Asks: 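Would you mind keeping the following structure in view while I ask a few things?
Heavy atoms only: backbone and side chains are in, while hydrogens, waters and symmetry mates are out. Bear in mind the structure is a predicted one, so any value in this text is a computation, not a measurement.
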Amino acid sequence: MKGYNYIKLCKFKMKFNKEIGLGFICSTYKSELSTNHSLKLKNLNKKNLLSVFQKNIVDLIKLLQLSNNLNCSIFRLGSQFIPFASHPKFNRSWLKEIKSIIKDYLPEIKKFEIRITMHPGQYVILSSENKNLIKRSLDELKYHFWVLDNLEQDENGIVVIHCGGTYGDKIKSLKNIIKNISQNKWLLERLALENDEKIYSVSDVMIVCQELLLPLVFDYFHHKLLTSDFNFLEVINTWKGRIPEFHLSSRSNKGNKFSHGDYILKSDFIEFINFLYTNIPFEKNLKIDILLEAKKKELALKKLLKSLKDEKYLLV
DNA sequence: ACGCGTCAAGACGGA
DNA sequence: TCCGTCTTGACGCGT
């Protein structure tokens, strides 16, 4: 049994005594490896689906191997792992074959002991009044849960979503989210909510997380674009015994202020660690997973690790 | 053969 | 009003 992969940080004001695990998301840069191989809806049939899924699961193992080589603790599995799985044109009976393929690869996947989490697309919305949209969102979430169940992930295998739109009334929309989740208790098993950069700040998301006892995924980049007042210990407390998942990205030097950069600036990482250092009591024993949301994926992770080593922030 | 626009889906802010 | 942002690979049409 190997232990939790974490990086050994030093050179902070005092020794930073939390165990920080890192990870990158979904694919390698330029997608030599990807868990998001897909197909056009009009080409959706059993044969095509199985061949695409086969590519995704084979690449998943290679991506976990790569993550492990880079000493990562967490990996985000792409939402297109089983393309169109929640679509009406998807024949549910295909899942039997998928299930048995997963079973064959499971020992290889589990041996890395890397935490696998997922982040459905922007179309999963629980704040809406539109019944059909809610139904489709629940179907999509059900698919994500199915995947993590079948990958035999423990309670740390979360499914992260944003809170959706406000439709001009944020309080009403937050109530809708609470109502929709309350009416579907199975969501409490794996669902987690993340603050976004335009609509729902950490303090907004906290209302739902505290009401329903859901983990709050703190995205530092989003928080800086849409700040709010909150007690960071309350964010930690939403995780109960689970390992908090936080997100970090740097601003892109092109595009608008919302877009994610190719890499993670060392300064942004240090700033985030200092934020954690300042806001979590020294004596609190904690593991924390930080997913790096950078366009250049594993290259960004490697570059960050190198620059941290070069400047002696990281013990090799 | 390759480059580019489109593809299941929503909502928002900014130009 | 339209486009880019969240995601970023496949594919089919045009050259």
Asks: Rounding to a whole Å, what distance do you find between Leu41(A):CG and dG12(C):P?
Replies: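 Atom CG in Leu41(A) sits about 13 Å away from atom P in dG12(C).
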
Asks: Atom CD of Glu197(A) to atom C1' of dT7(C): distance rounded to whole Å?
Replies: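 My rounded result for the distance is 13 Å.
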
Asks: State which of dT7(C), dG12(C), dC12(B) makes the closest approach to the side chain of Arg76(A).
Replies: dT7(C)

Asks: Can you measure Asn48(A) atom CG to dC11(C) atom P for me and round it to whole angstrom units?
Replies: 8 Å

Asks: Below the 4.0 Å mark, does dA10(C) have OP1 or OP2 next to a side-chain nitrogen or oxygen of Asn36(A)?
Replies: no

Asks: Below the 4.0 Å mark, does dT8(C) have OP1 or OP2 next to a side-chain nitrogen or oxygen of Ser34(A)?
Replies: no

Asks: Starting at atom CG of Leu225(A), determine the distance to atom C1' of dG4(C), rounded to an integer number of angstrom.
Replies: 15 Å

Asks: For a quick test of reading the model: is some side-chain N or O of His260(A) closer than 4.0 Å to OP1 or OP2 of dT7(C)?
Replies: yes

Asks: dA1(B) and dT7(C): how far apart are their C1' atoms, nearest whole angstrom?
Replies: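 Going atom to atom, C1' in each nucleotide, I get 28 Å.
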
Asks: Indicate whether OP1 or OP2 belonging to dA8(B) is found under 4.0 Å from a side-chain N or O atom of Tyr123(A).
Replies: no

Asks: Any side-chain N or O of Lys295(A) under 4.0 Å from OP1/OP2 of dT7(C)?
Replies: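 Answer is no, no contact under 4.0 Å.
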
Asks: Please walk me through it: do Tyr220(A) and His247(A) pass ring pair (Phe, Tyr, Trp, His ring centres under 6.0 Å)?
Replies: CA-CA 6 Å; Tyr220(A) 189 57; His247(A) 297 167; over 10 Å; no

Asks: Between dG10(B) and dC11(C), how many Å separate the two C1' atoms, rounded to a whole number?
Replies: 24 Å

Asks: How far does the P atom of dT8(C) sit from the matching atom of dG12(C), given to the nearest Å?
Replies: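 Going atom to atom, P in each nucleotide, I get 23 Å.
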
Asks: Could you work out the separation of dC2(C) and dT6(B) based on their P atoms and round it to a whole Å?
Replies: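 Here dC2(C) and dT6(B) have their P atoms 14 Å from each other.
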
Asks: Mind checking the P distance from dG5(B) to dC3(C)? Whole angstroms is fine.
Replies: 12 Å

Asks: Scan His37(A) against the nucleic acid and name what it touches under 4.0 Å (heavy atoms): base, sugar-phosphate only, or nothing.
Replies: sugar-phosphate

Asks: At under 4.0 Å between heavy atoms, what does Ser79(A) touch on the DNA or RNA strands: base, sugar-phosphate, or nothing?
Replies: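 The residue Ser79(A) makes no contact with any strand.
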
Asks: Whole angstrom is fine here: how far is it from CG in Leu138(A) over to C1' in dA9(B)?
Replies: 15 Å

Asks: Starting at the 5' end of DNA chain C, which residue's closest nucleotide do you reach first, Ser27(A) or Asn43(A)?
Replies: Ser27(A)

Asks: OP1 or OP2 of dC11(C) less than 4.0 angstrom from a side-chain nitrogen or oxygen of Lys42(A), does that happen here?
Replies: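 Result: no.
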
Asks: Is there a donor-acceptor pair closer than 3.5 Å between any side-chain N or O of Asn36(A) and the backbone N or O of Gln80(A)?
Replies: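 Indeed, once roles are kept as given, a pair shorter than 3.5 Å links the two residues.
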
Asks: Could you tell me how far dC4(B) sits from dG4(C) if I compare only their P atoms? Round to whole Å.
Replies: 15 Å

Asks: Expressed in angstrom and rounded to an integer, what is the separation of His222(A) atom NE2 from dC12(B) atom P?
Replies: 16 Å

Asks: Round to a whole Å and report the spacing from CZ of Phe84(A) to P of dA10(C).
Replies: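 Value for this atom pair: 12 Å.
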
Asks: Distance check needed: dT8(C) P versus Leu77(A) CG, whole Å only.
Replies: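 Those two atoms, CG and P, are 11 Å apart.
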
Asks: Can you check whether His162(A) has a side-chain N or O nearer than 4.0 Å to OP1 or OP2 of dC6(C)?
Replies: no

